[in-house]
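What follows is one structure encoded as structure tokens, with my remarks underneath.
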Amino acid sequence: MSEKLRVGILGATGMVGQRFISLLENHPWFEVVTVAASPRSAGKTYEEAVGGRWKMDTPMPEAVKNLVVMNVNEVEKVAASVDFVFSAVDMSKEEIRKIEDDYAKTETPVVSNNSAHRWTPDVPMVVPEINPEHFDVIEAQKKRLGTTRGFVAVKPNCSIQSYAPVLTAWKEFEPYEVVATTYQAISGAGKTFKDWPEMEGNIIPYIGGEEEKSEKEPLRIWGKVEDGVIKPAESPVITCQCIRVPVLNGHTAAVFVKFKKKPTKEELIDRLVNYKGLPQELNLPSAPKQFIQYLEEDNRPQVTLDVDYENGMGISVGRLREDTVYDYKFVGLSHNTVRGAAGGAILCAETLKAKGYIQAR
């Protein structure tokens, strides 16, 4: 007897789709009943469709192996089988916007990992510990779409997860200028070293579109819902460089901050380790017990030691110290395909269920 909500995964054969499937195995609230992908995968079992391209380090869950992959473009058919969907489709931005809206219009909530809707004014872009109140904008979105239960909600870019939560914890000290350099794992491009051998021992100082996202998306997260849309915050000013490094999982950020109010190092660490949000209050299934940990050792956080902190859903911070040009500097680390992608979207869906936006049909 299952009272779990029935979940579909759009783009189920790709790397983020696979991460959704691995994270949702044995989930207490959600059960994957439908997998959808491009027409070339449709009609095959999930195991056949993925073939030798399973990229997770845990085995493919038995429960999904024999699910027959549906054509993601057959919106009505896919939607009829589920209570809501996660979207990780690989299409152009225009195509993604259209297909996510099409699913929403079938009265199917869509929780998306994609960037296509992140700047749609009435689509909430949420880190549940930071801005769950942005889900309130869904009511305005439903009016636009003409739906009663269908909507689109998104999670932000993976690159900002290692510093935006930190700056949020320090809000009372009014950070106003931020310089961040992110050192981003290859799984952020959907790759492993087997797919991308030229990344071994290499660094690429450019990731298309990433710097703009890293500078602007935190401001939208810190914005306010006004008149049925989200108005981004105007500060702090953030400038960013994004670099691809030879690491499989884990985005590291080196960050410099200026504050209007001058905190002590002890105050900054205190705010980090005591920072909690709605997921912790509600004890949601995927929520880290401790959202942000502070590591005292000079050589932490490290990807190999810290990327899986709180099952990949926590943020690790270290090397906080005063700076000669800025006030303080620190290093942050987050798991880019767990907290930064599928896990962050699952936590959004849990928050939406707790708030009553996602229910059984």
Inset, instruction - Determine whether Val7 and Val89 fall in the same hydrophobic cluster, where Ile, Leu, Val, Met, Phe, Trp and Tyr are linked whenever their side-chain heavy atoms lie under 4.5 Å apart. - result: no
**Message:** Under a 3.5 Å threshold, yes or no: a donor from one side chain and an acceptor from the other, between Arg149 and Thr108?
**Reply:** no
Here the pair of heavy atoms bringing Asn274 nearest to Asp270 is ND2-OD1, 2.8 Å
Practice problem: Would you check, one step at a time, whether the test salt bridge (charged side-chain N to carboxylate O under 4.0 Å, His left out) holds for Arg319 with Asp298? | Solution: CA-CA 6 Å; Arg319 301 215 69 214; Asp298 286 339; 5.4 Å; no
| query | Are any of the side-chain nitrogens in Arg118 or Glu217 under 4.0 Å away from the carboxylate oxygens of its partner? | reply | yes
Assess Lys65 against Tyr46: is NZ or CZ under 6.0 Å from the centre of the six-membered ring, and within 45 degrees of the ring's axis?
-> no
- May I ask you to check whether His117 and Gln141 show a side-chain donor-acceptor distance below 3.5 Å? no
- Going by distance alone, is a donor N or O of one side chain under 3.5 Å from an acceptor N or O of the other, for Ser92 and Glu95? yes
* To do: Please say whether more than 12 non-hydrogen atoms of neighbouring residues, nucleotides or ligands are located less than 6.0 Å from NZ in Lys216.
  => no
Margin query: Please determine whether side chain to side chain contact (heavy atoms under 4.5 Å, CB included) holds for the pair Thr120 and Arg144, giving the CA-CA distance in whole Å, both sets of side-chain angles, and the decisive distance to 0.1 Å.
Written below: CA-CA 12 Å; Thr120 305; Arg144 172 174 63 85; 3.8 Å; yes
request  = Go through the side-chain N and O atoms of Ser159 and Lys213 and say whether any donor and acceptor fall under 3.5 Å apart.
outcome  = no
Contacts satisfying side chain to side chain donor-acceptor pair (under 3.5 Å) that involve residues 329-349 (not counting sequence neighbours) are Arg19-Thr337, Glu129-Arg339, Ser187-Asn336, Asp323-Lys329
Tested for ring pair (Phe, Tyr, Trp, His ring centres under 6.0 Å) against Phe84, the lone hit among Tyr357, Phe30, Tyr103, Phe151 is Phe30
Residues Glu133 and Val225: closest non-hydrogen pair is O-CG2, 4.2 Å
### Message
Under a 4.0 Å threshold between the charged nitrogen and the carboxylate oxygen, would Lys98 count as salt-bridged to Asp102?
### Response
yes
- Message: Taking the ring centre of each residue, are Phe256 and Tyr328 less than 6.0 Å apart?
- Response: no
Q: Decide yes or no on side chain to side chain donor-acceptor pair (under 3.5 Å) for Thr45 and Glu47, but give the supporting numbers first.
A: CA-CA 5 Å; Thr45 65; Glu47 189 172 30; 5.3 Å; no
For the ring pair Phe330 and Trp170, is the centre-to-centre distance below 6.0 Å? yes
Ser235 and Trp222 have their tightest heavy-atom pair at O-CE3, 4.3 Å
Worksheet item: Is it true that Glu310 and Lys289 make a salt bridge, defined as a side-chain N closer than 4.0 Å to a carboxylate O?
Response: no
Smallest heavy-atom separation, Glu350 atom then His27 atom, equals OE2-NE2, 2.6 Å
Review point. Strictly by modelled atom types, are Gln359 and Asp83 linked by a side-chain donor-acceptor pair under 3.5 Å?
Key: no
When you measure from the side chain of Asn283 to the backbone of Gln280, do you find a donor-acceptor pair of N or O atoms at a distance under 3.5 Å? no
How about Asn311: does its CG atom have over 12 heavy atoms from other parts shown lying under 6.0 Å from it? no
Side chain of Asn131, backbone of Val127: donor and acceptor closer than 3.5 Å?
yes
